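Proteins get letters first, then strands, A, B, ... in listed order; numbering begins at 1 in each. As the structure is a computational prediction, the values presented were derived from the model and not from experiment.
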There are 2 protein chains.
Amino acid sequence: MPDPTNPTADSSPDLLPLEQAKAQFVQLWGATSANWGINRTMAQMHALLLVSAEALSTEDLMAQLQISRGNASMTVRELLDWGLVYKALKPGERREYFVAEKDMLQVTRCIIRERKRRELDAMKRSLDQLAALPGDPTEPGYREFHRVLGDIQQLADSADTVLTGVMKAEKNWLIDKFLRMFT
Amino acid sequence: MPDPTNPTADSSPDLLPLEQAKAQFVQLWGATSANWGINRTMAQMHALLLVSAEALSTEDLMAQLQISRGNASMTVRELLDWGLVYKALKPGERREYFVAEKDMLQVTRCIIRERKRRELDAMKRSLDQLAALPGDPTEPGYREFHRVLGDIQQLADSADTVLTGVMKAEKNWLIDKFLRMFT
DNA sequence: CACAAGTTTCAATAATTATTGAAACTTGTG
DNA sequence: CACAAGTTTCAATAATTATTGAAACTTGTG
């Protein structure tokens with residue numbers, strides 16, 4: 001139900017240019033996340049906190065993203081779990097505030113750590129199990145199947161090595177190395 | 001509606017061990033894909049073709065994955081688009097058969113190429129647009145916002161450099177380099 | 001310990017995304 | 001060019017995933 005009087009629309013003329021730019025960034029980040037198996041609200045909230053100069057409360061997040069209290073609560077907790085956002089308690093205030101980790105290298109590390117743990121590590125375990133299944137080496141497709149499996153395991157190992165390396169990387173180390181490698 | 005007489009269940013005793021292992025691999029690949037914004041059928045079909053010694057027809061794919069003709073047709077076309085699967089026409093046969101690209105380095109390249117094009121390149125364009133928006137540098141959050149934006153652009157550039165490098169990499173080059181880098 | 005302020009949980013529901021299957025289309029062959 | 005074999009399209013529907021919002025819970029304070 002589009003409401004032309006609703007002042008939260010993107011191109012609303014009563015937003016400051018900076019606020020408009022921020023809103024666009026939040027939208028962009030949310031849209032991008034769809035391709036990566038991350039839910040839109042989480043990506044938008046992360047984006048919003050990234051470009052906020054001050055800490056935001058659950059109320060602020062609800063208002064700015066137009067989401068329910070439940071959604072805001074669960075999503076903020078998930079961001080805390082990932083290590084992408086910290087609690088910022090204001091002295092004398094009951095209400096909790098949140099700030100994003102702003103160092104993008106640190107952000108990258110958090111994301112790699114979580115996704116590696118949830119996906120790559122899990123997949124490697126499954127592949128190992130699969131490769132260990134008994135089978136008859138004289139069966140026609142046996143050799144083919146185990147070759148493909150081995151190749152995938154090798155690939156997973158390479159990915160693991162690279163991701164672990166990136167996580168350990170110091171600031172600038174990464175870019176230096178890669179530039180040297182690829183140029 | 002589970003049907004205990006249905007012989008397509010994973011652990012069916014009338015499947016050869018190898019067939020069971022293949023089926024498990026197809027399942028694993030399909031489940032993993034959920035985290036990556038790739039639909040399950042596409043991942044399962046790719047997995048099935050990867051571990052098939054022979055070319056498979058649309059009929060074969062429908063039967064083995066228990067999917068409709070429409071789904072099979074659209075998914076196989078998508079795999080062709082990505083360059084992950086080739087047509088294999090059998091002389092004297094009307095029906096089309098399909099084989100997967102089996103070189104995993106080549107597979108990696110295809111996937112990187114497509115995802116980079118669809119996501120990273122698109123995102124970089126949006127970020128550039130966003131950074132070019134006019135704004136008042138004296139506004140309180142202006143500096144903060146543009147710093148974050150710049151950091152993200154830098155990160156995107158690094159990712160671009162790395163991915164482009166991987167795409168150009170020769171066989172073994174990649175693993176050699178990475179092992180040298182990270183060990 | 002009663003209460004107010006705030007947070008979390010989770011069943012119901014909405015929104016989104018994937019799949020079906022029948023009709024339309026294409027293509028090769030007698 | 002009629003027909004059979006096969007393929008593609010796409011509106012309807014099913015399955016999945018995200019969100020709401022009210023009730024239950026927690027926590028700090030007078």
Side-chain angles (χ1 to χ4, degrees), chain A residues 1-3 8 26-27 29-49 55-82 85-98 118-119, chain B residues 1-2 8 26-27 29-48 55-82 85-98 118-119:
Chain A
M1 50 186 106
D3 172 8
T8 62
V26 170
Q27 284 310 112
W29 219 237
T32 301
S33 74
N35 304 121
W36 287 93
I38 286 168
N39 95 16
R40 212 173 76 255
T41 302
M42 181 167 162
Q44 287 184 336
M45 190 180 286
H46 186 217
L48 181 57
L49 286 165
L56 300 179
S57 68
T58 305
E59 299 286 340
D60 297 330
L61 294 169
M62 284 167 62
Q64 296 209 40
L65 298 175
Q66 297 279 295
I67 57 175
S68 70
R69 185 172 300 284
N71 194 0
S73 166
M74 294 191 75
T75 303
V76 95
R77 170 207 259 271
E78 209 172 345
L79 286 170
L80 289 167
D81 276 355
W82 280 63
V85 160
Y86 310 114
K87 281 190 187 179
L89 296 173
K90 295 197 180 178
E93 280 223 53
R94 178 79 176 275
R95 179 173 293 183
E96 292 180 324
Y97 288 79
F98 305 95
R118 288 165 200 229
E119 291 149 40
Chain B
M1 51 184 107
T8 63
V26 169
Q27 286 309 111
W29 220 236
T32 302
S33 74
N35 304 120
W36 288 92
I38 287 168
N39 95 14
R40 212 173 76 250
T41 302
M42 183 168 162
Q44 288 184 334
M45 190 179 284
H46 186 216
L48 181 57
L56 300 178
S57 67
T58 305
E59 300 286 340
D60 297 330
L61 294 169
M62 286 167 60
Q64 296 208 40
L65 299 175
Q66 297 279 297
I67 58 174
S68 70
R69 185 173 300 284
N71 193 0
S73 166
M74 295 191 75
T75 303
V76 93
R77 170 207 257 273
E78 208 173 345
L79 286 170
L80 288 167
D81 276 354
W82 280 63
V85 160
Y86 310 114
K87 282 190 186 178
L89 296 172
K90 294 195 179 178
E93 278 222 56
R94 177 77 177 276
R95 179 174 293 182
E96 293 179 325
Y97 287 79
F98 305 96
R118 287 166 201 228
E119 291 149 42

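The interatomic distance linking B/Leu56 (CG) with D/dT7 (P) rounds to 13 Å, in whole Å. One interatomic measurement links the two molecules: NZ of B/Lys87 to P of D/dG6, which rounds to 15 Å at whole-angstrom precision. Look at CG on A/Asp60: it is 12 Å from P on C/dG6, rounded to the nearest Å. Following rounding to the nearest Å, B/Arg69 (CZ) and D/dT9 (P) show an atom-to-atom distance of 15 Å. Per the geometry, CD belonging to B/Gln66 stands 15 Å off C1' belonging to C/dG21, to the nearest Å. Atom CG in A/Leu65 sits roughly 16 Å away from atom P in D/dA18 (whole-Å rounding). Atom CD in A/Glu59 sits roughly 12 Å away from atom P in C/dA5 (whole-Å rounding). A straight line from CZ of B/Arg94 to P of D/dA5 spans 9 Å, rounded to a whole angstrom.
Nearer to the 5' terminus of DNA chain C, by closest-nucleotide assignment, is the contact made by A/Arg95 (compared with the other of A/Gly70 and A/Arg95). Along DNA chain C, the nucleotide nearest to A/Ala34 and the one nearest to A/Arg77 differ in position, and the one closer to the 5' end is contacted by A/Arg77.
When both pairing distances are held under 3.5 Å, D/dG6 makes a Watson-Crick or G-U pair with C/dC25. Across every strand in view, C/dT19 sits in a pair with D/dA12 that passes the Watson-Crick or G-U test at under 3.5 angstrom.
Between B/Arg94 atom CZ and B/Ser57 atom OG the span is 14.0 Å, to the nearest 0.5 Å. With rounding to the nearest 0.5 angstrom, the CZ atom of A/Arg69 is 7.5 Å from the OG1 atom of A/Thr58. To the nearest 0.5 angstrom, A/Arg77 atom CZ is 6.5 Å from A/Asp81 atom CG. Here A/Gln44 contributes atom CD and A/Gln66 contributes atom CD; the two are 11.0 Å apart, rounded to the nearest 0.5 Å. With rounding to the nearest 0.5 Å, the separation of NZ in B/Lys90 from CD in B/Glu96 is 13.0 Å.
The side chain of A/Glu96 approaches C/dT7 more closely than any other nucleotide in the set C/dT7, C/dG21, D/dT7.
B/Ser73 has a side-chain polar atom (N or O) that falls below the 4.0 Å cut-off from OP1 or OP2 of D/dT8.
At a threshold of 4.5 Å between non-hydrogen side-chain atoms, the residues A/Val26 and A/Leu65 count as touching. Considering only heavy atoms from C-beta on, A/Asp60 stays 4.5 Å or farther from A/Phe98 through its side chain.
Less than 4.0 Å separates DNA chain C from at least one heavy atom of each of the following residues of residues 37-48 of chain B: B/Asn39, B/Thr41.
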